[in-house]
Every structure is written in C-alpha cells, then in structure tokens.
Amino acid sequence: MNCKFVPSVCSYCGTGCGVLFEVIDGKINSTLPLKSHPVNQGKLCIKGWSLHEYINSYMRLKAPLVKENGHFQKATWDEAITHAAKNFNRIKETHGPDAIGVLVSAKVTNEENYLAQKLARAAIGTNNVDHCARL
Amino acid sequence: MTIKRITFVQEMLKFMGLEGRLHLEWISSAEAQKFARVVTDFTEKITHLGPSPIAGQTRSISMEPHENKRRKHEYHKAG
Amino acid sequence: MNITKQVEQLLKQGDVDIFLAYRELDGHLIPHGYTLDNLEDLENLKVSQHRYSLEKVATHLTEKKPNLKIGIVARDCNQRALNLLYTWNQLSPENITPLMVNCCPSQTRNHSDCTYLEPKKTGTFKQKKGIDFNENPREFMDNNDNGQRFSRWMYEFSKCIKCYGCRNICPVCFCTDCSLENPDLVEPGALPPEIPIFHLVRATHMAGRCIDCGLCEDACPAEIPLRFLYREMNRIVSDVFDYTPGAGLEKSPFTIIGNEVTLEPRPMDA
Ligand code: SF4
Ligand code: SF4
Ligand code: SF4
Ligand code: SF4
C-alpha cells in the first residue's frame, strides 16, 4: 500500500487555487486544498474539491478522435494533427486567416496560452484569439 | 432520551435566535383537560410570537444582497 | 529518540505498514505516507505547522485495505479525532499507532487555531474584518437578543457558497450518504443553499461528534464561524448529556438509549 500527496493547481478556473491530490496506490482518491498556497490559503470551491472525480471519469477522452462520415473514429496523434493542419490550411487559403478563431483556456498554463496566441498571430495570421478568463 | 434530545434542540434554537418555538409535555390519554390547556397555551404563545422568520422564505432571504446588508447592519448596530 | 528514528523503527519492526506524517516539497509542507519501500524519504520527515486531517487519510486507506496497520503523527486534535473514529467503528485502535507530537502553540506552530488555548490569536484576518470569531458563546448570548442572534446567523449563513469544504475536510464526517446531498433536505442546485437548514443539519450532526479541530472554519471560503457554532452545540451536549466527543472511548449519547434522566420538561413561558 502506498499513499502520497501531490501538490497541483486547480484546472477549473483562472483563480488557480493550490490543490493536493491524495494518491493511493497510483490512483487519485481525493482532493484537498493546499494549506500553504498563497492564492487560496487552504480553501477551495466545490469544483476544486471535486477535481478527482473528473480525472477518474470513464467519460474522459484518452485518444484523439477524428470525425469521418459523421462518426468519430479513433486516430493516432500524428493522423489527427495532420488532419487538423491540412484543414486549417485549406480554410486559410479559401477564406483568409480571419476565418479562423483560437479559443484558449484557463485550464492550461500561461506558457501554453502564450504559445496558442503565437500560433494564432504568427502561424495562422489572425488576431482572433480569446480566453475564457479574459474578465 | 426524548427529553434530552428536545432540550438539545431547544438550546440550539435559542442560540440561533428562534427561542420558544418548541415545547415538550407529557400528556397521558387520560388527561384530556391538560391536553386542551397545553395546546391552547402553546397556540397562543406561537400566535403571539408571529410567523417563523424562516418560514417559506429561506430562499428569498438568502438571495437578496440588500437584505443581508440590513442584517449585518442590524447586528453590528446593536452589538 | 527523535521522531524520524522512531518512525524508522516502527516500520522496520513491522509495527506499522505505513506511517502518515509530513514532508517538505517545493516549499510546501504536505502529508506523506512513509513505508518500507521509500525509507530514503524519511530524512525529509517533518512535523508540519499546517494541519491536515491525517486520520481522514487513515480512514481512506482502511477502506481500501481493512487490516492495514497505520502510524500517525498526532497532535491533541488528531488524537481526539482518532478516539471518535474508534467509537464510531471507522478505525480500530489495534491498527493505529499514534505518535504524539507537540500541540499548538509549540515549536511546530507558534500561533494557535485551537480554541482551548489561545483564542485571541486566532484568525487575524477575521479579526481585521471586524468580527471576532472566537467569541465567547456566553457573551454572545448575553449581549444579543433573540432577533439579533437570528440576524447574525442568517447573515453568516447567507455567505455560504456551498462548497462542502466543511464536510469534506472534517475528520469526523465519514458518512457514505451525506444528508447535505439529500435533495429532500437541501435543495440541489440552489445557491446559497437553503439557510439555515443546510448549516443546522450539519450542526446537529456535529453535536456529540465534533472534536473542535477547527479545520472546517479554516477551509470555509466564506469565513463563517462554524467552529463557534459547533462548539456551542457541544457545550449543550456536554450540559445535557454529560459527554465530550473525542475525550475518551465512550460512545456518543446519540447512538444509545440513555439510562437515568434528571431533567424536567421546561415550563412554557408566555
Ligand atoms: S478551486 Fe474553484 S476558485 Fe479555485 S481555481 Fe479551482 S475552480 Fe477556481
Ligand atoms: S471543528 Fe469542524 S472539522 Fe473539526 S471536527 Fe468539528 S466540524 Fe469537523
Ligand atoms: S454532514 Fe452529517 S451526513 Fe454529512 S458526512 Fe457529516 S455527519 Fe455525515
Ligand atoms: S465550508 Fe463554508 S462556504 Fe463551504 S459549504 Fe461549508 S459553510 Fe458553506
């Protein structure tokens, strides 16, 4: 039996509360607030408290899916990324870069958000970038 | 045991500011007069106290921010 | 013998299969389960200033493996919680080895959240906010009439964001089916929750159960003086039932039929 605690950051909203996962035998069993975290000081909202539920949910996507003929098909990452890139290029060529918008999220890190806007502005060539925590 | 539990709830309601709305009395089936007296007295008392402040409006109390401000103000003014 | 040596010995002698204490990670003191497989971690063993409900972790572990022998660093409040969990058959004393450490205030914790010790130092933030949360229930009763007490509690309860943090963090809230999630008692999806029912349901459950560790109040984002409420509940329990939760291995008076009663029904004053 092994039990450890892993500090992390809540992935639900832009507040970024510190959480602590209780991991028993490699499986996240419950979520606790990280008491020493400067942001939330040992408090969480209901979403933070329930983080372990979605991590362990059977409904989570574990592989990329590509829609073909109206049905989702399991694909490898390479196939999925090639497929997406090909179609973005097609849209950009036929309708111009402003036909594409990029939505990023509070659920990913600052760095990833930065990279997403870089992709939008430099690679695709549009200013259509937005974020759910742009309050 | 009943009396202890009821005493507990009475004390809890008192702490919450809902004093006097719970009463316990032992009345046997032979004591019709006592029954009538107790029920009449308690009805009178309850009528005198007026409707419970939480009856039927638990939601609306909590949903109105100005209502909360008033409560806070009331409390601090008095305290 | 220092605590690290003691833990090492307990593990090596097979007295415990896992020992719950704290370690330092990235500047945070967090709980950790020490076992024979990670003996090298022992050099980071700490006794934390921050309190987590290690006994709750123990109940989680016991759920997965009922006969697991668990060691715990315990302060007074942890010990009280363990006693209570024994009496409610959530843990069994044969499987638990508490190692007592200094209670607050102490070298491990220079200010105290524990009401028994240094009430005035508690919750600077709360005091700054103008409400002294560690007030004396007797003064509160004397200085406020019925209506004021009601206003005060309704104001406090209406701040609730229904995070269930008070229940989740509480070492003695272990029910698989929690009344607070029962749609007949507490309307689902309503925010703030139905007051004062939500809080009074929990307050009633904490009567004869709450061991006054204060974790709930620490975890409450709305700064509701939960501990004050539950402490008063247990003041009543100790007056009426002569029972202090967690003080010993006596069963809660709410689970048994009592014997002799000396109370008289109260007169009805108009
Ligand atoms: S716990 Fe709640 S407030 Fe904190 S980051 Fe997560 S969703 Fe946001
Ligand atoms: S003080 Fe709060 S967290 Fe601690 S036992 Fe009582 S109700 Fe539970
Ligand atoms: S609030 Fe009551 S029902 Fe819910 S876990 Fe705690 S004691 Fe059990
Ligand atoms: S911790 Fe506070 S805000 Fe959260 S449910 Fe409990 S009383 Fe409400």
Side-chain angles (χ1 to χ4, degrees), chain A residues 1-60 106-112 132-133 135, chain C residues 16-38 41 48-54 56-70 113 125 160-169 191 193 214-223:
Chain A
M1 194 110 218
N2 134 338
C3 167
K4 63 175 184 172
F5 287 78
V6 182
S8 183
V9 174
C10 175
S11 54
Y12 264 121
C13 87
T15 308
C17 298
V19 298
L20 201 54
F21 292 122
E22 176 193 298
V23 183
I24 298 181
D25 283 342
K27 191 167 179 214
I28 296 184
N29 190 53
S30 77
T31 317
L32 288 167
L34 185 54
K35 298 230 166 192
S36 43
H37 199 276
V39 170
N40 55 325
Q41 303 176 349
K43 304 160 204 296
L44 289 178
C45 78
I46 181 84
K47 292 182 283 176
W49 275 108
S50 323
L51 277 176
H52 58 283
E53 292 177 14
Y54 90 78
I55 293 173
N56 292 326
S57 167
Y58 71 95
M59 282 160 66
R60 279 189 80 177
K107 289 199 177 203
V108 300
T109 61
N110 270 343
E111 290 73 13
E112 285 165 319
C132 67
L135 298 172
Chain C
V16 302
D17 299 323
I18 185 163
F19 192 92
L20 298 172
Y22 297 88
R23 68 165 167 165
E24 195 170 336
L25 188 73
D26 304 335
H28 295 289
L29 279 164
I30 59 170
H32 187 59
Y34 295 91
T35 58
L36 276 182
D37 300 333
N38 61 14
D41 286 357
S48 169
Q49 295 213 353
H50 298 279
R51 291 178 307 153
Y52 288 89
S53 177
L54 295 179
K56 189 148 198 165
V57 180
T59 55
H60 292 164
L61 289 168
T62 306
E63 241 169 62
K64 305 245 183 283
K65 202 170 167 201
N67 286 321
L68 193 72
K69 293 207 281 304
I70 306 169
D113 278 340
F125 174 73
C160 178
I161 64 163
K162 210 183 183 186
C163 66
Y164 287 101
C166 46
R167 178 205 60 187
N168 290 350
I169 207 152
L191 197 76
L215 288 173
C216 52
E217 197 174 295
D218 282 359
C220 180
E223 307 265 345

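Proteins come first, then strands; the chains are lettered A, B, ... in the order of their sequence lines, and each starts at number 1.
Taking 4.5 Å as the heavy-atom cut-off, the residues of residues 19-30 of chain A that approach chain C are Leu20(A), Glu22(A), Ile24(A), Asn29(A), Ser30(A), ordered by number.
Considering every non-hydrogen atom in both Leu20(C) and Cys3(A), the closest pair reads CD2-SG, 4.3 Å. Here the closest non-hydrogen pair linking Cys163(C) and Ile46(A) is O-CD1, 3.5 Å. Minimum heavy-atom separation, His28(C) to Ser36(A): ND1-OG, 2.7 Å.
Between chain C and the options Pro33(A), Ser50(A), Gly18(A), heavy-atom pairs under 4.5 Å are most frequent for Pro33(A). Comparing Lys162(C), His32(C), His60(C) by heavy-atom pairs within less than 4.5 Å of chain A, the highest count is held by His60(C). Chain C forms the most heavy-atom pairs under 4.5 Å with one residue out of Leu32(A), Thr31(A), Leu34(A), and that residue is Leu34(A). Most heavy-atom pairs under 4.5 Å with chain A: of the set Ile161(C), Asp17(C), Leu215(C), Leu68(C), this distinction falls to Leu68(C).
Applying the salt bridge (charged side-chain N to carboxylate O under 4.0 Å, His left out) test to every pair with at least one member in residues 20-37 of chain C, sequence neighbours left out, gives these pairs: Glu24(C)-Lys46(C).
For Ile169(C), the parts lying under 4.5 angstrom from a heavy atom of chain A are both the backbone and the side chain.
Note that OG1 of Thr35(C) and NZ of Lys4(A) are 11.0 Å apart. Values are rounded to the nearest 0.5 Å. Expressed to the nearest 0.5 Å, how far CH2 of Trp49(A) lies from CG of Asn168(C) amounts to 5.0 Å. Rounding to the nearest 0.5 angstrom, the gap separating the NZ atom in Lys35(A) from the CG atom in Asp218(C) is 4.5 Å.
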